[in-house]
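In what follows, a structure is listed as structure tokens, so that the remarks can point back to it.
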Amino acid sequence: MDTQHELIIVKVCEIYEKISKLEKLNPSKRVNDLFTKLVTLCTSPCELDVTQLSQEVRETTAKLIRLCGKAEGLLETHYSTLIGSHENPLNHMKLFPYYSNYLKLTHLEFTMLTKHCTQVPTQLAFVGSGPLPLTTIMLATHYLKHTCFHNYDMDPLANAKAYDLVSSDPDLSKRLFFHTSDIVNVTSGLKEYNVVFLAALVGMDKKEKAKVINHLAKHMGHGAILLLRSAHGARAFLYPVVDVSDLKGFDVLSVFHPTDEVVNSVIVARKRSVNHGLYPPVLASKCSEVEGFNPLNHGNVIEELTVDEQA
């Protein structure tokens, strides 16, 4: 392991020690400063493989991811409440400090989706939508203006706050729905969705993530698209990693690892048909242009995506 990787690991562990000693993870100057330092450190150029780290560091990473998830939930709850206090909440979404990151990530995900969807999805599910469902709001507002979005979250308070953001909008209030449910308890309903998004923090470790993915593989409609958020390199200190080998029952179509301030990697896969030959996997090169060719296309907005080759 080179010196740069060792330095990042030491600094991440130092920040973890400070975060773990905090009494609360609610937004505050101290909390914000620590997580800003952590995100800045983890988004620096680095090809570090967290699976190759020592058992002690991997255990620290697992605990750090859970703390990050808790802090992210509290941050979203705080800003959902703040934004929802305005007369027209959707006009104030930019108050969320990571709004521009979500805008870039959603733009990326939509562009990748256009590569593999032959028609505009009528029904889309987002699993793990939380109190501030920025992705579905952005998709519904800017890209998929006639699609219905079904947001799933286990927390009824999160869903109530999320609904408050769109309830006064005459369009989105009719197209965004919120379901308080663990997705592993949803079976036949999953077949209704052309596309399913899986949030990064649904399944906080490999076992939990595999349980959700296996459930989706069993119950999603044949040929439906699954879009997952993952992490790569040092970003894996912040979010769980989804390995393409874990996507049994799916054909992996493309994988993107960001190199800018966007944190999450994106994986696009298709539910395998009973007739396996119906939807063959795409064997992508290391550099692949995302260029729309169907009704979803809004132009070639991303010039290069680094894509994992499938053997």
Side-chain angles (χ1 to χ4, degrees), residues 1-79 96-102 104-105 108 128 130 132 198-210 212 228-246 255-267 306 308:
M1 187 178 296
D2 63 31
T3 306
Q4 183 203 12
H5 291 175
E6 291 177 353
L7 185 60
I8 288 175
I9 293 166
V10 169
K11 288 185 176 180
V12 166
C13 290
E14 287 175 353
I15 295 174
Y16 163 74
E17 289 299 328
K18 293 176 181 177
I19 290 173
S20 66
K21 290 180 172 63
L22 295 171
E23 290 185 13
K24 295 180 179 179
L25 292 174
N26 299 73
S28 67
K29 187 178 187 310
R30 176 64 172 162
V31 170
N32 297 346
D33 286 347
L34 283 171
F35 279 102
T36 298
K37 286 179 181 177
L38 180 64
V39 171
T40 302
L41 178 64
C42 292
T43 52
S44 59
C46 176
E47 286 301 313
L48 186 150
D49 184 355
V50 294
T51 64
Q52 301 302 312
L53 301 179
S54 69
Q55 180 66 24
E56 182 182 0
V57 174
R58 287 201 305 258
E59 289 174 358
T60 296
T61 299
K63 289 185 281 189
L64 178 58
I65 287 173
R66 291 188 181 275
L67 289 174
C68 287
K70 185 175 181 181
E72 185 173 313
L74 292 168
L75 182 72
E76 290 187 3
T77 297
H78 172 82
Y79 278 96
F96 185 60
Y98 296 105
Y99 177 86
S100 63
N101 290 46
Y102 270 90
K104 287 184 177 182
L105 178 59
L108 163 68
L132 191 63
L198 184 61
L201 293 173
V202 176
M204 297 292 282
D205 59 32
K206 195 174 184 69
K207 185 178 179 181
E208 291 175 9
K209 188 78 74 172
V212 175
L228 311 92
R229 290 174 180 171
S230 179
H232 181 71
R235 289 165 165 83
F237 288 119
L238 305 172
Y239 290 103
V241 174
V242 177
D243 193 288
V244 294
S245 64
D246 297 331
V255 179
F256 173 68
H257 301 307
T259 56
D260 58 7
E261 69 271 22
V262 173
V263 177
N264 290 121
S265 296
V266 180
I267 302 173
T306 303
D308 280 358

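Note that the structure is predicted; figures quoted are calculated from it, not measured. In this chain, numbering begins with 1 at the start of the sequence shown.
- Glu23 is linked by a side-chain hydrogen bond (donor to acceptor under 3.5 Å, both in side chains) to nothing, counting only residues two or more places apart in sequence or in another chain.
- Atom CG of residue Leu198 and atom CG of residue Leu228 lie 5.0 Å apart, to the nearest 0.5 angstrom.
- Proximity of Asn32 to Pro97: side-chain heavy atoms (C-beta onward) are nowhere separated by under 4.5 Å.
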Pairs of donor and acceptor atoms involving the side chains of residues 7-17, under 3.5 Å and at least two apart or interchain, shall be tabulated with distances.
from, atom 1, to, atom 2, distance (Å)
Glu17, OE1, Lys21, NZ, 3.3

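- A pairwise comparison of heavy atoms in Ala199 and Gly128 identifies CB-O, 3.6 Å as the closest pair.
- The two atoms that bring Ala200 and Pro240 nearest to each other are O-CD, 3.5 Å, heavy atoms only.
- Residue Leu132 holds its CG atom at 11.0 Å from NE2 of His78, rounded to the nearest 0.5 Å.
- When side chains are defined from C-beta on, Leu105 counts as touching Val266, because their heavy atoms get closer than 4.5 Å.
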Exercise for the section: Could you walk me through whether Leu53 and Phe237 pass the side-chain contact (heavy atoms from CB on, under 4.5 Å) test, one step at a time? Expected result: CA-CA 11 Å; Leu53 301 179; Phe237 288 119; 3.9 Å; yes

*Carefully, step by step, assess Thr259 and His257 under the rule side-chain contact (heavy atoms from CB on, under 4.5 Å).*
CA-CA 7 Å; Thr259 56; His257 301 307; over 6 Å; no

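- Considering all non-hydrogen atoms of both residues, Ala231 and Ser265 come closest at C-OG, 3.7 Å.
- The line from CD of Glu47 to CG of Asp49 is 9.5 Å long, rounded to the nearest 0.5 Å.
- Panel note: side chain Asn101, backbone Glu261; a donor-acceptor pair is recorded below 3.5 Å.
- When every heavy atom of Tyr239 is checked against every heavy atom of Asn264, the shortest pair comes out as CD1-ND2, 3.4 Å.
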Exercise for review: Assess whether side-chain contact (heavy atoms from CB on, under 4.5 Å) is satisfied between Leu25 and Ile19, documenting all intermediate values.
Suggested key: CA-CA 8 Å; Leu25 292 174; Ile19 290 173; 4.0 Å; yes

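- Here the CZ atom belonging to Arg66 is positioned 13.0 Å from the OG1 atom belonging to Thr61, to the nearest 0.5 angstrom.
- Scored by the side-chain hydrogen bond (donor to acceptor under 3.5 Å, both in side chains) test, Arg30 finds no partners at all (sequence neighbours excluded).
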| task | Please report the C-alpha distance between Lys37 and Asp33 in whole Å, then the side-chain angles of each, then the deciding distance to 0.1 Å, and finally whether the salt bridge (charged side-chain N to carboxylate O under 4.0 Å, His left out) criterion is met. | result | CA-CA 6 Å; Lys37 286 179 181 177; Asp33 286 347; over 6 Å; no

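- Listed for the Lys209 side chain is no donor-acceptor partner under 3.5 Å among the backbone atoms of Met204.
- Within a 6.0 Å sphere centred on CD of Gln55, other residues, nucleotides and ligands contribute more than 12 heavy atoms.
- Between atom CG of residue Leu34 and atom CG of residue Leu67 there is a gap of 11.0 Å, rounded to the nearest 0.5 Å.
- Taking the side chain as every heavy atom from C-beta outward, Pro258 and Lys104 never approach each other to under 4.5 Å.
- Residues Val50 and Arg58 form no side-chain contact, since every pair of their non-hydrogen atoms from C-beta on lies 4.5 Å or further apart.
- Within the 4.5 Å cutoff, the side chain of Val263 has heavy atoms near those of the Thr43 side chain.
- Side-chain atoms of Arg229 do not come within 3.5 Å of backbone N or O of Leu201 as any donor-acceptor pair.
- In this structure, Lys206 does not pair ionically with Asp243, as no charged nitrogen and carboxylate oxygen lie closer than 4.0 Å.
- Residues Glu72 and Tyr98 have side chains that never bring a donor and an acceptor to within less than 3.5 angstrom of each other.
- For the pair Thr51 and Val241, the minimum side-chain heavy-atom distance is 4.5 Å or more.
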>> Applying side-chain contact (heavy atoms from CB on, under 4.5 Å) to Cys68 and Phe35, what does each step give before you reach the verdict?
In response: CA-CA 8 Å; Cys68 287; Phe35 279 102; 3.8 Å; yes

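- Under the 30°/60° scheme for interplanar angles, the aromatic rings of Tyr79 and Phe96 are found to stand perpendicular.
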